[in-house]
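Here is the structure we will look at, set down as structure tokens.
Both ligands and their constituent atoms are indexed starting at 1 by order of listing. Quick caveat: nothing in here was measured; it's all calculated off a predicted structure.
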Amino acid sequence: MKTEYRDLNLRRQRQDYGSDPLSVRKTDHYQAEYIQSFVSKWDRLIGWDLREESEGDFFIDILRRHGVKKILDAATGTGFHSIRLLKAGFDVVSADGSPEMLAKAFENGRRQGLILRTVQADWRWLNRDIHEQFDAILCLGNSFTHLFAENDRRRTLAEFYAALNHDGILILDQRNYDVILDQGYRSKHAYYYCGQDVKVEPEYVDEGLARFRYQFPDQSVFHLNMYPLRKQYTCRLLREVGFQKIKTYGDFQETYRHEDQDFFIHIASKQ
Ligand code: SAM
């Protein structure tokens with residue numbers, strides 16, 4: 001094998017955080033984190049059937065209540081929500097910045113008899129690559145946490161805002177980082193990452209970094225370096241870019257005790 005091919009193959013198999021992984025705090029790094037070998041295991045991590053069971057029709061009900069027809073799934077990943085929403089009859093465009101993720105989503109769709117309309121697009125330049133307006137944009141699965149610079153977060157939300165119709169909604173979720181930062185990590189493992197045989201835990205946390213470790217049954221280990229968003233901070237940013245109403249659910253419930261939740265789901269409305 002030629003050296004370049006061997007290097008390329010290695011890059012597809014192994015994540016590279018260099019000699020000081022805790023110093024890797026860059027928005028662009030998601031491209032290098034979602035390598036083929038990790039992406040091929042992602043569905044094992046999220047456990048589609050259990051995730052579907054735990055979410056129920058939460059998103060479908062909200063989208064119908066808002067009269068949504070056309071959706072941009074901005075963080076498609078391997079296609080979990082795109083596929084559910086296509087099956088439920090919505091018109092869905094599936095975007096993601098990672099070509100590896102999009103390829104896997106397309107394959108997952110095809111296996112279920114669906115052709116996903118995929119677009120590779122980084123959120124920061126969304127409207128450069130996607131020239132359509134949507135009734136709803138989804139940024140789910142704790143994806144917004146990949147943005148490390150405040151400028152990137154503001155810019156992304158402004159791009160989402162601009163791609164929404166006048167009465168559109170943004171549905172964006174996040175881990176409950178407040179609890180992780182203030183009290184330490186615990187999880188019900190009931191939502192999002194429902195795979196029963198995958199060990200997920202933070203390896204390191206400070207106000208600027210949450211480094212999570214994912215260990216699979218074959219002993220392979222991957223990491224994600226993420227920015228630990230505090231809930232009030234996310235709500236403030238949403239308000240500051242122009243969203244008029246923000247309703248936050250805790251683990252899919254309307255009323256909840258802040259410290260008992262694993263995830264928050266924000267519904268931000270333009271009107
Ligand atoms: N929504 C999926 C789910 O719930 O399984 C995937 C979640 S995964 C944690 C985060 C996704 O966000 C990845 O597919 C990644 O490629 C994408 N992503 C991260 N930063 C991005 C950016 N700046 N622009 C576009 N996509 C990005």
M101 heavy atoms within 4.0 Å reach ligand 1 at atoms 14 (O)

For ligand 1, note which part of R51 has a heavy atom under 4.0 Å away: side chain, backbone, both or neither. side chain

Cluster link Y17 to V200, ILVMFWY, side chain under 4.5 Å: no

Parallel, tilted or perpendicular, judged at 30° and 60°: which one describes the rings of H258 and F264? tilted

Backbone or side-chain N or O of Y34 under 3.5 Å from ligand 1 N or O: no

Looking only at N/O atoms, are L147 and ligand 1 under 3.5 Å apart anywhere? no

Measure from the side-chain N and O atoms of E33 to the backbone N and O of N225, and report whether any donor-acceptor pair falls under 3.5 Å. yes

Take every heavy atom of A95, measure it against each atom of ligand 1, and state whether any distance is under 4.0 Å. no

Do ligand 1 and G97 have nitrogen or oxygen atoms that lie under 3.5 Å from each other? yes

Taking only non-hydrogen atoms of W42 and a 4.0 Å limit, the atoms of ligand 1 in range are 5 (O), 8 (S), 9 (C)

State whether E254 and K247 are salt-bridged, where the test is any N-O pair (Lys NZ or Arg NE/NH1/NH2 against Asp/Glu carboxylate O) under 4.0 Å. yes

Out of D152, L126, L102, D96, who is nearest to atom 16 (O) of ligand 1 when you count heavy atoms only? D96

Would you please classify the geometry between the F80 ring and the W48 ring as parallel, tilted or perpendicular, with 30° and 60° separating the classes? perpendicular

Which atoms of ligand 1 have any heavy atom of G141 under 4.0 Å away? 4 (O), 7 (C), 9 (C)

Exactly one of F38, F212, W42 should register a ring pair (Phe, Tyr, Trp, His ring centres under 6.0 Å) with F222. Which one does? F38

S98 heavy atoms within 4.0 Å reach ligand 1 at atoms 16 (O)

For D122 and Y30, does a side-chain donor sit closer than 3.5 Å to a side-chain acceptor? yes

Verify whether the ring centers belonging to H146 and Y34 lie closer than 6.0 Å. yes

What's the verdict on side-chain hydrogen bond (donor to acceptor under 3.5 Å, both in side chains) for S98 and D96, showing C-alpha distance, side-chain angles and the deciding distance? CA-CA 5 Å; S98 157; D96 199 291; 4.5 Å; no

Tell me, please: is F80 in heavy-atom contact with ligand 1, that is, under 4.0 Å? no

Mind checking salt bridge (charged side-chain N to carboxylate O under 4.0 Å, His left out) for D61 and listing every partner two or more places apart, or none if nothing turns up? none

In ligand 1, the atoms that come under 4.0 Å of a heavy atom of S143 are 7 (C), 8 (S), 10 (C), 11 (C), 12 (O)

Are any of the heavy atoms in R155 under 4.0 Å away from ligand 1? no

Using a 4.0 Å cutoff against the non-hydrogen atoms of A75, which atoms of ligand 1 qualify? 1 (N), 2 (C), 6 (C), 12 (O)

Numbering as shown, the atoms of ligand 1 that approach H146 to under 4.0 Å (heavy-atom distance): 10 (C), 19 (C), 20 (N)

Ligand 1 and L140, any nitrogen or oxygen pair closer than 3.5 angstrom? yes

